[in-house]
Chemist: 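One structure is given below, represented as structure tokens, and several questions about it will come after.
We're numbering straight along the sequence, starting at 1. Remember, it's 1-based here, ligands and their atoms both numbered in the order they're listed.
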Amino acid sequence: MSRIVRPDAEGLRRAADLLRAESVVAFPTETVYGLGANAFSAKAVGEIYRLKNRPTWNPLIAHVANVEAARALAETWPDVANQLAAQFWPGPLTLVLPRARHLDGVGASDDTIAIRIPDHEVALGLLEASGLALAAPSANRSEGISPTTAEHVLRSLPDVPLVLDGGPATWGIESTVLDVTGETPRLLRPGALPLRELTDVIGWIDLPEEAPDDGAARPSPGMSRRHYAPRATVVLAKDVRDVDRAGLAGPIGVLTYETADVDGAEILSADPREYAADLYAALHRLDDAGVATILVQEPPRHEDWLAVRDRLGRAATK
Ligand code: AMP
Ligand code: MG
């Protein structure tokens, strides 16, 4: 039986059975494909860390079906969480909240928990069918490119027992992570939900500081420097046409966006949302083509490109 499964009633039932048996299942969300497991089963969560080879200091996001289920995981629920949940859930916003005292699991070692409600029919159907909160990091080996299709999942994680196929992810980039445990909300990871939409609703947000790349605990542990990286070496350039290619390992693939014309390049949209939706698939394609170097035209230094620039920067880090 194929492990890529249609998300019909039968597919959801098989997936929910696996989750209740403390196994893992990959499923589509609006951001990227997630590797899901019962967030409060040590065995199931351990399987996520093992399959992904994810460092144990990097905690997981708990996915729930509704605000009531989210509140049950938090020790306190600040007003700002109400505002944000009303405006952006279901959607690509993860809130870090004080963790309800009776809970452990989701791999975290401190007193907080990251929560979101995914905006995807299949993800919500699976949450409903399993009756569980699901820890679900991106369904790829740690540090690799996040999967935006069911095929990407199996290529990166061939041992996943089942992948629900929801077609290509619409956002194609991970959720925005916002810490609301302190006085002022703090951006931990730029992501699919643009910063401006958040500041429009809640006003001021503290932006992340540069974290040292020492593998030690940090406010958003997943923000280690190297991440989201293809097999090939990624080189960012202000203008890919000016780069001296003699110094780069070949074959060389070029990733640019509309307006910077380069022969033989992968050309993505000049719109940041469309660019983000295609970025990981393009990196997967270049990897599959066997290039040794991916030369990337740096997107504009504009707030709308924050999440894309973050991911490209991490992909380019050795
Ligand atoms: P992923 O699920 O792989 O897209 O990554 C989840 C992101 O959420 C990572 O950047 C984690 O470090 C972050 N995260 C999860 N739980 C917490 C938490 N309790 N506090 C801060 N960041 C968190
Ligand atoms: Mg990930």
Chemist: What heavy-atom pair brings Trp89 and Ala70 nearest, and what distance separates the two atoms?
Modeler: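 Heavy atoms only, the tightest pair is CZ3-CB, 3.8 Å.
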Chemist: Would Thr112 and Leu97 count as a side-chain contact (heavy atoms from CB on, under 4.5 Å) if you check the C-alpha gap in whole Å, the side-chain angles of each, and the deciding distance to 0.1 Å?
Modeler: CA-CA 5 Å; Thr112 61; Leu97 288 146; over 6 Å; no
Chemist: Any idea which atoms of ligand 1 are less than 4.0 Å away from a heavy-atom of Thr112?
Modeler: 18 (C), 19 (N), 20 (N)
Chemist: Side chain, backbone, both or neither: which part of Leu60 comes within less than 4.0 Å of ligand 1 when only heavy atoms are counted?
Modeler: backbone
Chemist: Arg186 and side-chain hydrogen bond (donor to acceptor under 3.5 Å, both in side chains): which single residue from Asp206, Asp179, Thr181 fits?
Modeler: Asp179
Chemist: Of the backbone atoms (N, CA, C, O) and the side-chain heavy atoms from C-beta on, which set of His227 has a member under 4.0 Å from an atom of ligand 1: side chain, backbone, both, or neither?
Modeler: neither
Chemist: Classify the angle between the aromatic ring planes of Tyr275 and Tyr257 as parallel (below 30°), tilted (30 to 60°) or perpendicular (above 60°).
Modeler: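 Rings of Tyr275 and Tyr257: perpendicular, over 60°.
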Chemist: With respect to the Mg ion (ligand 2), please indicate if Asn140 possesses an N, O or S atom at a distance under 2.8 Å.
Modeler: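 No - counting backbone and side chain alike, Asn140 has no N, O or S atom under 2.8 Å.
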Chemist: Check whether Tyr228 forms a cation-pi arrangement with Arg314 (NZ or CZ under 6.0 Å from the six-membered ring centre, at most 45° off the ring normal).
Modeler: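 Checked: cation-pi criterion not met.
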Chemist: Which residue, Val240, Leu286, Thr293, Ile294, forms the side-chain contact (heavy atoms from CB on, under 4.5 Å) with Ile252?
Modeler: Thr293
Chemist: Tell me the contacting part of Asn58 for ligand 1: side chain, backbone, both, or neither, using a 4.0 Å heavy-atom threshold, strictly below.
Modeler: side chain
Chemist: Counting from 1, what ligand 1 atoms have a heavy atom of Val96 closer than 4.0 Å?
Modeler: 20 (N), 21 (C)
Chemist: Can you list the atoms of ligand 1 that are under 4.0 Å from a heavy atom of Leu188?
Modeler: 21 (C), 22 (N)
Chemist: Does Arg273 count as lying over the ring of Trp171, i.e. NZ or CZ under 6.0 Å from the six-ring centre, within 45 degrees of the axis?
Modeler: yes
Chemist: Relative to the heavy atoms of Pro137, which atoms of ligand 1 are at a distance of less than 4.0 Å?
Modeler: 2 (O), 3 (O)
Chemist: For ligand 1, which atoms have a heavy atom of Arg189 less than 4.0 angstrom away?
Modeler: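 Reading through ligand 1 atom by atom, the close ones are 1 (P), 4 (O), 5 (O), 6 (C), 7 (C).
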